[in-house]
Amino acid sequence: MSRMYENIKGFRDFYPEGMGARRSVIDTLERVARRYGFREVGTPALERTQLYIDKSGEEIVEELYSFTDQGGRELALTPELTPTVARMVVAKQQALTKPIKWFSTRPFWRYEEPQQGRFREFYQTNIDCFGSSDPAADAEILAFTADALTELGLTGEEFEFRVSHRDILGGLLETFDADVDVARAIRAVDKREKIERTAYYDLLVESGLTDAQARTFDELLSADDLSELTSFSDNERLTDAVTNLRAVLAATEDFGAREYCTISLDTARGLDYYTGTVFECFDSTGDVSRSVFGGGRYDELIEEYGGQPTPAVGVALGHSTLSLLLERAGVWPEESLTTDYYVLQVGETRGVAAEIVQSLRGLGHTVETDVSGRSFGAQMGYADSINAQTVIIVGEQDLESDQVTIKDMQSGEQTTAPLDSFPPEQGRPTYDDYA
RNA sequence: UCCGGGCUGGGGUAAUGGUUAUCCUUCAGGCUUGUGGAGCCUGAGACGCGGAUUCGAUUUCCGCGCCCGGACCCA
């Protein structure tokens, strides 16, 4: 049979084995988020297109799945969470106690060309904190992220957070010349590691720096000692940024996350969205070339959306790059089905079998039984294919002596258990309990 | 939007301008209403879509779609 309908480019199906692995990753991320007191929010798949135009400009529309609905509204599938949660904060600002700490895991959509680790429909877990400008709030986001990754099985050997501050670049550029196109220069910095050195200087010069300034600028960015910056200039924006970054790093020390953080001044994170701390997570081994995910502080967005001035900091963990990182580190969850029990029927034993099945399910176990009228051999083959740990054979022969047979599928050994005490009131009965 | 490489049963593959498209695996059933991961038997299942050239196209050419990777972009 030929395929009637092809996939939509960049959209993926997840079958049970792979979905099980994804579910386990999501559960881990969310479990850690809950420990930090982040609360889950639910958000719509559609927003008014204007929400994104206001934040990112008219050009953004071509990156969106946007359309006019039957009521004439211009809508778009959400390409990211931040505008939505910002809108939510503005809508109920007075009612919400601060800090507002939220998380959510859900799909987003962008009309882009798929590449490694990038799809048109992709999943993110977003963590945001609104209402605190204290460095501890930034540090808590970093600490959460570090805890989540280590809980997934990664170690500090496998990832690093490159941390910077937006005003370090901005302040530094201010000291050179008022005419520098800061956004353009920052975009150049973001490419620094990807392009030729001369091309990088060219980009800096295009943004308004002289050759000599470009060289000085580059040298200062390479410094891992923040005091080199403050001794170069006493520009207030710059020195404030250095002070703030130091405070954030000191707080990560307190939360036990400092060891994962590296000062990396060429971490810029795209356009002028962020206002303070910015950070990206990278694969230390270099196998995943793009950043795994990123976050930072955006203190002005709530006000821009019509709310009271409200500082904010957050991170978005993209599941597609995260799964690349986990796979290459060898800690991606196993993609196989598991089943606690298969209850095998032989002859007309469905009544008794169903009772056992429902009792085991009542104990919280995953239990399957025959729903196809299959033969003994076929049922055994099916039990094997779903990775059943234990098979309970409910056969006419067993019932004649008021017993069931319990078979351990790993070893192949089997024994019998009395029908009137199986299954017990609690626990997870196996072959070993009756051998 | 642009560039490169792909596309043959569910997965992996072979061959071919002309008869019934190869093999492995998988799936379903059976040998086997009382034993799965071994074997045997039977069955199911494919040339991505459209157009052109041709007596004839899965094969050649063009367009499109999808997949993989890259550029741009990365909120």
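Owing to the predicted nature of the structure, the values given are computational and were not obtained by experimental measurement. Naming convention: chains lettered A, B, ... in sequence-line order (proteins, then strands); numbering from 1 in each chain.
Residue A:K407 is in base contact, counting any heavy-atom pair closer than 4.0 Å across all strands shown. No engagement by A:S385 is indicated, since no non-hydrogen atom pair under 4.0 Å with the nucleic acid exists. Across all strands shown, A:E63 has heavy atoms under 4.0 Å from base atoms, whether or not it also approaches the sugar-phosphate. Residue contacts shown for A:Q124 are absent, as no nucleic acid heavy atom lies under 4.0 Å away. Residue-level contact check: A:L344 touches neither bases nor backbone, having no heavy atom under 4.0 Å from any strand. Residue contacts shown for A:G347 include a base, since a base heavy atom lies under 4.0 Å away. Within 4.0 Å (heavy atoms only), A:E396 reaches at least one base atom of the nucleic acid.
The side-chain heavy atoms of A:K98 and A:S132, taken from C-beta on, include no pair separated by under 4.5 Å. Taking 4.5 Å as the limit, every side-chain heavy atom of A:T78 sits out of range of all side-chain heavy atoms of A:T43. In this structure the side chain of A:F279 never reaches within 4.5 angstrom of the side chain of A:C261, judged on heavy atoms.
Comparing the C1' positions of B:U54 and B:G12 gives an interatomic distance of 34 Å, to the nearest angstrom. B:U13 and B:C47 have their C1' atoms separated by 13 Å, given to the nearest Å. Comparing the P positions of B:A57 and B:A21 gives a spacing of 16 Å, expressed to the nearest Å. Between B:C41 and B:C23, the two P atoms lie 13 Å apart (nearest whole Å). Taking atom P in both B:G45 and B:G5, one finds a spacing of 36 Å when rounded to whole Å.
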Its dot-bracket string being built from Watson-Crick and G-U pairs below 3.5 Å, with | for another strand and [ ] for crossing, RNA chain B has the pattern (((((((..(((.....[....)))((((((.......))))))...(((((..]....))))))))))))....
Dump every N/O contact between nucleotides 65-68 of chain B and the protein below 3.5 Å, one line per pair.
residue	atom	partner	partner atom	Å
B:G65	O2'	A:E6	OE1	2.6
B:C67	OP1	A:G10	N	3.1

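Checking the phosphate oxygens (OP1, OP2) of B:U33, no side-chain nitrogen or oxygen of A:Q345 falls inside 4.0 Å. Proximity of A:R118 to the phosphate of B:G69: no side-chain N or O atom is located under 4.0 Å from OP1 or OP2.
With the nearest nucleotide of RNA chain B identified for both A:E413 and A:E348, A:E348 has the one nearer the 5' end. With the nearest nucleotide of RNA chain B identified for both A:M409 and A:V346, A:V346 has the one nearer the 5' end.
Applying the salt bridge (Lys or Arg N to Asp or Glu O under 4.0 Å) test between A:K55 and each of A:E47, A:E304, A:E80 identifies A:E80 as the sole match.
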Could you give the side-chain donor-acceptor pairs of residues 15-22 of chain A under 3.5 Å, partners two or more places apart or in another chain?
none

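Of the possible polar contacts, one joining the A:H165 side chain to the A:D167 backbone as a donor-acceptor pair under 3.5 Å is found.
Checking B:G37, B:C73, B:G34 against every side-chain atom of A:D398, the shortest atom distance belongs to B:G34.
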